[in-house]
Amino acid sequence: AVAFVPTARPLRKAVQMSAESNKAAAVGMAAAAILAGATPAFAGSADAGGLVFSANCAACHAGGNNVIQAEKTLKKDALVSYLSGGFKESSIVTQVTNGKNAMPAFGGRLSDEEIGDVAAYVFATAEADAWE
């Protein structure tokens, strides 16, 4: 049997970049890194939000209802009427974070990610008319 014997190859000389090329590459990489991780503060996961909702909101809002003020449900028509800022996810984030009237503020009890997730869940469930 013939044994494998690697042969040494000469190393290639490193490519030299100009200072301008280095700066442009660094700026491009920084921009790509920023854009890759950039998501709006309110873009949450509705799936994860369901868990947050069950643990923190369902006591007052089970099935999208409201045990304190019956007319202010989480159903789309009520959110359109009562939600400051209009029926959008960012308005739900604001209300969950800051509270309003009888609803307590959760900004300090829940992380920004959890608030974004529960807002996504409430918005998606109301939009689909899926409260049960």
Side-chain angles (χ1 to χ4, degrees):
V2 177
F4 173 74
V5 179
T7 57
R9 294 187 330 185
L11 296 175
R12 288 199 253 170
K13 187 175 181 181
V15 175
Q16 297 293 317
M17 293 177 68
S18 69
E20 293 82 22
S21 294
N22 283 336
K23 185 183 282 187
V27 168
M29 289 175 59
I34 289 169
L35 292 175
T39 57
F42 54 85
S45 162
D47 290 337
L51 298 174
V52 176
F53 184 89
S54 293
N56 297 278
C57 312
C60 293
H61 293 291
N65 295 308
N66 186 326
V67 299
I68 306 297
Q69 293 181 288
E71 72 279 4
K72 294 188 177 182
T73 70
L74 300 180
K75 294 178 173 82
K76 184 176 180 179
D77 59 338
L79 291 176
V80 167
S81 297
Y82 297 113
L83 190 61
S84 297
F87 180 64
K88 54 189 175 192
E89 205 171 310
S90 61
S91 298
I92 299 169
V93 166
T94 299
Q95 183 147 335
V96 173
T97 302
N98 301 320
K100 184 177 177 185
N101 300 325
M103 181 174 163
F106 284 86
R109 293 192 226 177
L110 298 176
S111 69
D112 290 346
E113 181 178 358
E114 290 170 317
I115 291 172
D117 290 346
V118 80
Y121 172 76
V122 168
F123 183 83
T125 306
E127 181 71 20
D129 194 25
W131 290 112
E132 296 179 6

Is the side chain of Asp117 donor-acceptor paired with the backbone N or O of Ser45 at a distance under 3.5 Å, no angle test?
yes
For Gln95, enumerate each residue passing the side chain to side chain donor-acceptor pair (under 3.5 Å) test, keeping only those at least two apart in sequence or located in another chain.
none
What's the spacing between Ile115 CD1 and Ile92 CD1 if we round to 0.5 Å?
12.5 Å
Rounded distance (nearest 0.5 Å) linking atom CG of Asn101 with atom CD of Gln69
6.0 Å
Nearest-0.5 Å distance, CE of residue Met103 to SG of residue Cys57:
6.5 Å
Pro104 and Arg109 have their tightest heavy-atom pair at CB-NH2, 3.3 Å
Could you see if Val96 belongs to whatever hydrophobic cluster contains Val80? Use Ile, Leu, Val, Met, Phe, Trp, Tyr and a side-chain cutoff under 4.5 Å.
yes
Can you pull out every side-chain hydrogen bond (donor to acceptor under 3.5 Å, both in side chains) where at least one residue sits in residues 46-58? Sequence neighbours excluded, please.
none
Separation between OG1 (Thr97) and CG (Asp112), nearest 0.5 Å, reads 6.5 Å
According to ring-ring contact (aromatic ring centres under 6.0 Å, His included), does anything in residues 104-132 pair up with another residue at least two apart or in another chain? List the pairs.
Phe53-Tyr121, Phe53-Trp131, Phe87-Phe123, Tyr121-Trp131
Closest heavy-atom pair, Gly64 versus Thr73, reported as atoms and distance to 0.1 Å, is O-CB, 3.2 Å
Sorted by chain and residue number, the side chain to side chain donor-acceptor pair (under 3.5 Å) partners of Lys100 (sequence neighbours excluded) come out as Ser84
So CD of Glu71 and CD1 of Ile68: to nearest 0.5 Å the spacing works out to 11.5 Å
Inter- and intrachain pairs under salt bridge (charged side-chain N to carboxylate O under 4.0 Å, His left out), touching residues 73-83, at least two apart:
Lys76-Glu127
For the student: nearest non-hydrogen atoms of His61 and Asn66, plus distance
CE1-ND2, 3.7 Å
Who pairs with Ala70 by side chain to side chain contact (heavy atoms under 4.5 Å, CB included), at least two apart in sequence or on another chain?
none
For the CG atom of Leu74 and the CG atom of Asn65, what is their distance to the nearest 0.5 Å?
8.0 Å
